[in-house]
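In what follows, chains carry the letters A, B, and so on, assigned in the order in which the sequence lines appear, proteins first and then strands, with residues in each chain numbered from 1. Note that the coordinates shown come from a computational prediction; the quantities given were computed from them, not determined experimentally.
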There are 2 protein chains.
Amino acid sequence: MISARGHARPEPQARRSSGRPAIPLDVIVDRALQIVDEEGADALSMRVLAQRLDSGTATLYRHFTGRAELIAQIVDRVFGEAALGADEEAPTSWQQACQAAATAMFAALNRHQKVAPLLAEQVPIGPNAMALRERCLAMLIDSGFPPPLAARAYATLARYVLGFAIQFSTQGAADGRDHTEQSALFRNCDPSQFPATVAVADVLPVPLDEEFIFGLELLIAGLSQLRDGG
Amino acid sequence: MISARGHARPEPQARRSSGRPAIPLDVIVDRALQIVDEEGADALSMRVLAQRLDSGTATLYRHFTGRAELIAQIVDRVFGEAALGADEEAPTSWQQACQAAATAMFAALNRHQKVAPLLAEQVPIGPNAMALRERCLAMLIDSGFPPPLAARAYATLARYVLGFAIQFSTQGAADGRDHTEQSALFRNCDPSQFPATVAVADVLPVPLDEEFIFGLELLIAGLSQLRDGG
DNA sequence: ACCTGAACACCGTTCAAGT
DNA sequence: ACCTGAACACCGTTCAAGT
C-alpha cells in the first residue's frame, strides 16, 4: 500500500497496448505448458498461445525460431521439475539414487501427462535435461560402474521411464479411455478368443505407479547383479 | 497373353475415372504406411494420401471415420509384422519366448522407424495387437506365472519396447540428428561442466539394438528370479 | 526498434452437387 | 449408390507496414 498511487506508470498493466514491455520468456513457456496440461498437446497452437498472451503469432517468432523450439523449452521445464524432485531425497546407495531419479521423472511426467508425446519429437538437449543426465551418469560412475555399463544403464532406465510415461497421454485423453476403462475393455473381450487377456483383466486394474515400480525394481536388481560381477 | 485383347473391359486400369472400383482398404493402408516410412508421420495428410491414390480426401472418409482410425490401422499393420516375426522361432522356454516377442516388435518398429510416435496417440486395440498380447499373456500363464505377475510382466516389457522404439523416430529425422551424430554432440560438451556425459560419449556409440538387448535381458532375468520364488 | 495485421500454403473434415 | 470439387475453420510461418 506504500505510495500506491505515487509515480505510477501510465497504464499500470493495461491491455498490453503498443508499448515494448516484451513478454518474459518464462511467462510464455508457463502459459504454453498450462495449455498442454489443460487441453492437450494438440491444443497448443501458436495462434492460441499468442492469444492467451494478448499478443500475435508473429511476436512469438521473436522468442522462438519455431514451434519445435517452443516445445523443446516446455520439455526442458518438465525435466527441471524432475531434477527438483530427485533432489528432495539424499540417497545412500546408487540403487536408491536410480530409483529416486527415475521416480522423480515419472512423477513430473505424471503431473504433466499430456507432455509425454512431445518427448518423442526430439532428443532432449535442454539445460535441465543435460544436467539431469550428467548427474545420473556421474553418480553411476562414482558408484563403480565402468562407463560403458553406466551408459547402458542410463539409456535403459531413461527409455523405460519414457515408455511408461507415454501411457499417460493415452489415458483420460480425448478418446476418453482411461486406465480403468481400458481394463474394462479387455474384460469384455470374447473369452473364447482371448482367454488370457480376460484372465489378467479380471485381476486388473493395477495402478500405473505400481506397474512402474515393478519394472523399475526389476531393472535395478538386474543392474546390481551385473555390477557386482554377474 | 491368353485373349489379351478379348472381352477387355473399357479402360483396363486407366486413370480411375468415375467408375466404382473402390480402392481396397489394404491398398490404402499400404500406401499410408509407405508415406510414413518414406517421409515421416507429419507428411501423412489425408490430402497427400488421397492424391497418391488418385482419389479425393472425401473418398477416404468412406473407409475411415477420420485420421485417427487410419493411424490405428497403420499401427495394427506393424503389430501384424511383429506377430509374424515372433512366429519364426519355436522357443523352448518362456524366457526365449519373451525375448523373441519383444525383439520381433522391436524389429518391426525398426523397419518402420517413423511409426513409433503414432503408437503414443492411442492404446493399440487392433486385431493384430490384441492377438499378440493374448499370445504373450497365455504363454506366460502357461509357464506358471500367476495372472497378476503375468500382467505386470507384459506391461513392463511392452513399455520398455515402446520407450526404445520412440528413440528411432528422433534419429535421422527431419532435424538430421542420428545416433552417432547424437553421441558426437555429447562428446563435444564442455568437459568441466559435463565430465560424466563426455566420459560415456567417448565410449559410445553403442548400437541401438545392443542397448535394447541389454535392458531386455535385465528385465527377463529379473522376471526369472520373481517367478522361481524370489 | 519492436510489434502487428494480413497473407501464404497448408491442414482435417464436411456436404451439396455431380455421374 | 458411390464419388468428388469446393468450402469451412483451422494450422505454422513470413513479411510488409505500422507505431
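The phosphate of D/dT13 (OP1 or OP2) has no side-chain N or O of A/Thr57 nearer than 4.0 angstrom. Taking only side-chain nitrogens and oxygens, B/Arg62 never comes nearer than 4.0 Å to OP1 or OP2 of D/dC2. For D/dC3, the OP1/OP2 oxygens have no side-chain nitrogen or oxygen of B/Thr59 closer than 4.0 Å.
B/Ala196 approaches A/Ala138 most closely through the heavy-atom pair CB-N, 3.4 Å. Residues A/Pro195 and B/Glu134 approach most closely at CD-OE2, 3.0 Å, considering heavy atoms.
Distance, A/Leu60 CG to D/dT13 P: 10 Å, rounded to whole Å. Taking atom CG on B/Asp42 and atom P on D/dT13, their separation rounds to 11 Å, with Å as the unit. In this entry the distance linking CE of A/Met46 with P of C/dT4 reads 14 Å, nearest Å. The CD1-C1' distance, from B/Ile71 to C/dC11, rounds to 13 Å in whole Å. Taking atom CD of B/Gln51 as the reference point, atom C1' of D/dG5 lies 14 Å away to the nearest angstrom. Rounded to whole Å, the distance from CG on B/Leu49 to P on C/dC11 is 12 Å. One atom, CD1 of B/Ile23, and another, P of D/dT4, lie 7 Å apart when rounded to the nearest Å. Regarding A/His63, its NE2 atom lies at a distance of 17 Å from the C1' atom of D/dT14, rounded to whole Å.
Contact annotation: the side chain of A/Phe79 approaches that of A/Met105 to within less than 4.5 Å [non-hydrogen atoms, C-beta and beyond].
Base pairing of D/dC3: no nucleotide in any strand meets the Watson-Crick or G-U wobble criterion (both distances under 3.5 Å). Across all strands shown, C/dA17 forms no Watson-Crick or G-U wobble pair with both key distances under 3.5 Å. For D/dA9, there is no paired base (Watson-Crick or G-U wobble, both distances below 3.5 Å).
In this structure, A/Leu44 reaches the sugar-phosphate backbone alone: every heavy-atom distance under 4.0 Å involves primed, P, OP1 or OP2 atoms, never a base.
Set against D/dT14, C/dT14, C/dC11, the side chain of B/Ala58 has C/dT14 as its closest nucleotide. Nearest nucleotide to the side chain of B/Ser55, out of D/dT4, D/dG12, C/dT4: D/dT4. The side chain of A/Tyr61 lies closest to D/dT13 when the candidates are D/dC3, D/dT13, C/dG12.
Taking 4.0 Å as the cut-off between side-chain N and carboxylate O, A/Asp30 and A/Arg77 count as a salt-bridged pair. No salt bridge links B/Asp37 with B/Arg111; every basic N to acidic carboxylate O contact stays at or beyond 4.0 Å.
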